[in-house]
There are 2 protein chains.
Amino acid sequence: MAFQKERSAGFLANHMARLFANGLQQRIRPLGLAPAQFMALLALWDEDGLTQRELVQRLSVEQATMANTLIRMERDGLIERRSHPEDGRSQSIHLTAKAIALREPATQAARSQNEAALVDLSEDERLVFLDMMRRAIASMQSG
Amino acid sequence: MAFQKERSAGFLANHMARLFANGLQQRIRPLGLAPAQFMALLALWDEDGLTQRELVQRLSVEQATMANTLIRMERDGLIERRSHPEDGRSQSIHLTAKAIALREPATQAARSQNEAALVDLSEDERLVFLDMMRRAIASMQSG
DNA sequence: TATCATTGCATAGCATGCTATTCAACTGTT
DNA sequence: AACAGTTGAATAGCATGCTATGCAATGATA
């Protein structure tokens, strides 16, 4: 029996995630944001002054990935780093006024992209869909 | 109302796709394959001798992305290019014996990864899940 | 206290994916 | 045949993500 990519959850997940990322990128590019920067901002809008390690935990990416994203965010004037008073190894990451001001337009762009993706699903189906994704994530994380 | 990433389809899709890719990578690394190479092989196992343009259409990636993947596949001895008899611009992409031999173990690895991801979903739920992903993909492609 | 392990972060190197650009080969039209 | 437009592919440049290393600061322990 042949392996059919259209019946493969992994293939579909990859394709879907690329479309999400591309769509979000189109919408937030005018704001001067890239998708991974937006993800980091989500965590920082919720709680400013996190350390790199805490961002890594909240976004489930590798430390090296976050380090590079933070370099680009600092370059783009979205964050500044302050030395941590209690631990000379770590820094706390703080939003600039520019980044704070982007909260509403950026989250609105993300909501708009989610809506575009789920437009064909009913309200009930959307809840089921999100739940199934969470369950797949949990299975892959534990396994 | 705050934007909550755990309720965002895009955020979950990104996370899920990364876990799929990482899991597949672990499983096919011993075969000397990378995830994007596996995706290209899926199309070529099904139909050998495709052109780069045809691969682009089947896998829904940009031409430049496929060009780079093919460079790595040629480097790794998975494909060879033959000049197209009817069009001097294009080449047909052919599998090597090495790539042909990888079909069974590689597709088995992918099936295994899909199973690990969906282990918590019933057979009916899996069908619903795949269908919802296809619908989200269709919505984002058309919109 | 001297040593060893752990932890937080930076860096190198690579794969994947994108946009933009370039170039050569093909097509169609005049 | 000559020109313009189209198409197939390569390349440059960048973002995101990963693994593997290295290093300095911290902690724990003999």
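Here is the naming used below: chain letters follow the sequence lines, and residue numbers restart at 1 for every chain.
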Does the distance from a Lys or Arg side-chain N to an Asp or Glu carboxylate O, for [X] and [Y], drop under 4.0 Å?
{"X": "B:R72", "Y": "B:E74", "result": "no"}
{"X": "B:R18", "Y": "A:E62", "result": "no"}
{"X": "A:R126", "Y": "A:E115", "result": "yes"}
{"X": "B:R135", "Y": "B:D131", "result": "yes"}

Counting the atoms with a prime plus P, OP1 and OP2 as sugar-phosphate, which does [X] contact under 4.0 Å by heavy atoms, base, sugar-phosphate, or nothing?
{"X": "A:E62", "answer": "base"}
{"X": "A:T65", "answer": "base"}
{"X": "A:A64", "answer": "base"}

Whether A:K5 side chain and B:L59 backbone form a donor-acceptor pair below 3.5 Å: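 No; judged by distance alone, with no hydrogens or angles, the pair does not exist.
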For the side chain of B:W45 and the backbone of A:A2, is there at least one donor-acceptor N/O pair under 3.5 Å apart?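 Pair absent, no side-chain N/O of B:W45 close to backbone of A:A2.
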Sub-4.0 Å heavy-atom contacts from residues 13-31 of chain B onto DNA chain D, ordered by number: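 The stretch gives B:N14, B:R18, B:N22 as the residues lying under 4.0 Å from the strand, ordered by number.
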Measure from the side-chain heavy atoms of B:D87 and tell me the nearest of C:dG8, C:dC26, C:dT19.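 Closest nucleotide among those given: C:dC26.
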Check the pair A:Q37, A:D76 against side chain to side chain contact (heavy atoms under 4.5 Å, CB included), reporting the backbone distance first and the verdict last. CA-CA 10 Å; A:Q37 296 180 347; A:D76 296 345; 3.0 Å; yes
Can you see if the side chain of A:R53 gets near the phosphate of C:dG8 - specifically, an N or O under 4.0 Å from OP1 or OP2?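 True: A:R53 side-chain N/O within range (under 4.0 Å) of C:dG8 OP1/OP2.
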Using atom CD of A:Q63 as one end and atom P of C:dA12 as the other, report the distance to the nearest whole Å.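 After rounding, the gap between these two atoms is 14 Å.
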Is A:R7 atom CZ crowded by more than 12 heavy atoms from other residues, nucleotides or ligands, each under 6.0 Å away?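 No - once you tally the heavy atoms of other residues, nucleotides and ligands closer than 6.0 Å, there are 12 at most.
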I'd like the 5' and 3' limits of the part of DNA chain D contacted by chain A, with heavy-atom contacts below 4.0 Å.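 It runs D:dA15 to D:dT26.
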Distance from B:L33 atom CG to B:F38 atom CZ, nearest 0.5 Å?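 Taking CG in B:L33 and CZ in B:F38, the distance rounds to 8.0 Å.
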Taking for each residue the nucleotide of DNA chain C bearing the nearest heavy atom, is the 5' side occupied by B:D76 or by B:N68?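 Between the two, 5'-proximity favours B:D76.
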Comparing A:R89 and B:L70 on DNA chain D - which has the more 5′ nearest nucleotide: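 Comparing both residues, the 5'-ward one is B:L70.
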